Amino acid sequence: METIELTRKELYDIVWSTTLSKLTQQYAFSNDGIKKLCKQFEIPMPDGSYWSKLKFKKKFKKEKLNPVFGGVDKIILTIREEGNSINVDQTPLTIRTKEIENDPNAPLIVPDEITKPDILTIQTKQYWKGKISFTSYREDNRIKYPIRVEKSNRERALRFMDTFTKLIRYRGHTISKEYSDTGVLIDGIFIEIDLREASKRVPAKPPYSGTTLEPIGEFIFKIGKYSCEKEWRDGKVKIEEHLARIVAKLEIEAQKEKEWKERSRIANLKREEEEKRKAEIKKRRDEEVDKFNRLVKLSEQYDKTLIIRQYIEAVKQKAINTNNLTPEILEWIDWATNKADWVDPLINKPDDILDS
């Protein structure tokens with residue numbers, strides 16, 4: 001969409017010279033959207049009596065624009081395209097709904113009679129007639145509509161679901177199932193759907209006591225499950241009139257779910273990378289601790305070697321000083337020296353007995 005950039009003063013001049021109804025025709029904003037813009041940028045607007053006073057040339061008070069503004073003096077307005085009723089200040093759901101409603105080729109009208117039924121419409125009718133049976137709906141590849149209404153209302157339910165299915169396919173999505181649930185598959189995201197008839201609690205008929213549920217002919221269409229579910233119910237407006245909004249809601253919820261999954265995937269990758277980084281740090285630390293403990297052990301071993309050698313030398317000197325260096329002592333000195341060489345981490349001399 002084409003946009004235009006204005007200053008506060010320029011927008012001030014516009015809102016005091018052009019009615020809101022004309023402004024909404026020129027720009028892709030609703031009345032409230034323009035009012036919010038003016039409030040955001042502290043631009044005073046004329047009250048309801050201003051235009052009539054201006055028309056009949058009566059006196060009026062024009063509120064002045066305060067030149068002091070704490071924000072950025074830059075306002076972007078989207079120019080309305082011819083025939084486009086979408087306002088940029090509307091919710092994503094409203095915008096998407098209008099996009100679908102404005103598509104001349106979108107199958108939005110539920111007919112009085114189905115002429116070219118979808119395959120799922122055919123399969124559902126065959127299931128009701130007993131021509132299709134499911135030993136296990138969960139394990140069967142075939143799909144039927146999730147319809148829970150009285151027999152007298154089945155035809156209306158089929159017409160709604162047939163049109164809904166055609167609109168889903170037209171939008172590039174499919175009707176699918178996950179386990180035992182039937183739903184819509186949008187860009188890899190599965191959302192459950194369900195069409196049921198509303199009921200009210202009434203006194204049970206004799207001979208039974210208490211109360212029972214009685215169908216009342218009003219349809220309820222539900223998407224999603226648990227906290228994510230959303231329902232549309234017959235009222236002044238039938239659910240058939242909500243088709244565009246239902247599909248728009250499905251697409252937006254699927255988009256949200258996909259974005260959430262992508263954020264989760266990225267978060268998981270970051271967590272895995274962080275865990276890997278911490279594991280590598282722990283591995284390096286453990287290896288360093290092992291090396292250090294080995295160093296301490298070898299140092300202690302070497303220290304013991306020095307003590308042993310000092311002792312051997314002391315025995316030898318005593319024998320020499322006492323003129324008692326006998327063959328037995330010399331043999332012992334040779335034996336002890338070999339043991340010291342075995343203990344010494346710098347020599348690591350083999351020992352047939354101690355190494356066995």
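These numbers come from a predicted model, not from an experiment.
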Side-chain ion pair, [X] and [Y], N-O less than 4.0 Å:
X	Y	result
Lys258	Asp187	yes
Arg169	Asp118	yes
Glu274	Arg277	yes
Glu251	Arg171	yes
Arg265	Glu262	yes
Glu240	Arg156	yes
Lys249	Glu253	yes
Asp73	Lys9	no

Say you draw a straight line from [atom1] of [X] to [atom2] of [Y]; how long is it, rounded to the nearest 0.5 Å?
X	Y	atom1	atom2	value
Leu250	Glu257	CG	CD	12.5 Å
Lys125	Arg154	NZ	CZ	11.5 Å
Ile312	Ile307	CD1	CD1	12.0 Å
Gln310	Gln317	CD	CD	13.0 Å
Asp32	Lys39	CG	NZ	11.0 Å
Lys200	Ile216	NZ	CD1	7.0 Å

So do [Y] and [X] actually touch side chain to side chain, heavy atoms under 4.5 Å?
X	Y	answer
Leu298	Gln301	yes
Ile75	Ile43	yes
Ile168	Val247	yes
Ile79	Thr3	no
Leu65	Asp13	no
Ile4	Tyr27	yes
Leu243	Phe160	yes

Asp194 and Arg148: CA distance, side-chain angles, deciding distance, salt bridge (Lys or Arg N to Asp or Glu O under 4.0 Å) verdict: CA-CA 8 Å; Asp194 176 68; Arg148 294 178 290 141; 2.7 Å; yes
Could you tell me whether [X] atom [atom1] has more than 12 heavy atoms of other residues or ligands within 6.0 Å of it?
X	atom1	answer
Lys339	NZ	yes
Asp352	CG	no
Phe69	CZ	yes
Ile109	CD1	no
Phe60	CZ	yes
Lys62	NZ	yes
Ile266	CD1	yes
Trp260	CH2	no

Give a yes or no answer on whether the side chain of [X] reaches the backbone of [Y] with a donor-acceptor pair at less than 3.5 Å.
X	Y	answer
Arg8	Phe41	yes
Trp332	Pro327	no
Asn348	Val343	no
Lys177	Arg142	yes

Can you name the nearest heavy-atom pair linking [X] to [Y], along with the distance?
X	Y	value
Arg80	Ala28	NH2-CA, 3.5 Å
Ile95	Val88	CD1-O, 4.4 Å
Leu20	Lys35	CD1-CE, 3.6 Å
Ile147	Val149	CG2-CG2, 3.7 Å
Thr163	Val110	OG1-CA, 3.6 Å
Ile100	Ala244	CD1-O, 3.6 Å

Working for salt bridge (Lys or Arg N to Asp or Glu O under 4.0 Å), residues Arg309 and Asp344: CA-CA 10 Å; Arg309 294 191 192 283; Asp344 193 335; 3.2 Å; yes
I'd like to know if the side chain of [X] pairs up with that of [Y] as donor and acceptor (distance under 3.5 Å, no hydrogens or angles considered).
X	Y	value
Ser49	Asp47	yes
Glu197	Asn153	yes
Arg271	Asn268	yes
Thr165	Tyr145	yes
Thr94	Thr97	no
Tyr170	Asp103	yes
Thr121	Asp162	yes
Ser21	Thr19	yes

Phe219-Trp232 aromatic ring centre distance below 6.0 Å: no
Lys NZ or Arg CZ of Lys144 over Tyr127 ring: under 6.0 Å, within 45°: yes
Option passing side chain to side chain contact (heavy atoms under 4.5 Å, CB included) with Asn31 (candidates Asn87, Thr24, Asp89): Thr24
Stepwise ring pair (Phe, Tyr, Trp, His ring centres under 6.0 Å) test for Phe164 and Phe221: CA-CA 11 Å; Phe164 170 78; Phe221 187 78; 5.2 Å; yes
Salt bridge (Lys or Arg N to Asp or Glu O under 4.0 Å) between Lys282 and Glu275, worked out: CA-CA 10 Å; Lys282 184 178 182 301; Glu275 290 175 354; over 6 Å; no
Qualifying residue for side chain to side chain donor-acceptor pair (under 3.5 Å) with Glu259, from Lys256, Gln255, Lys261: Gln255
Residue from Glu229, Glu192, Glu231 passing salt bridge (charged side-chain N to carboxylate O under 4.0 Å, His left out) with Lys222: Glu229
Linked, directly or transitively: Leu108 and Leu195 (ILVMFWY side chains, under 4.5 Å): yes
Same cluster (ILVMFWY, side-chain, under 4.5 Å), Ile193 and Leu185: no
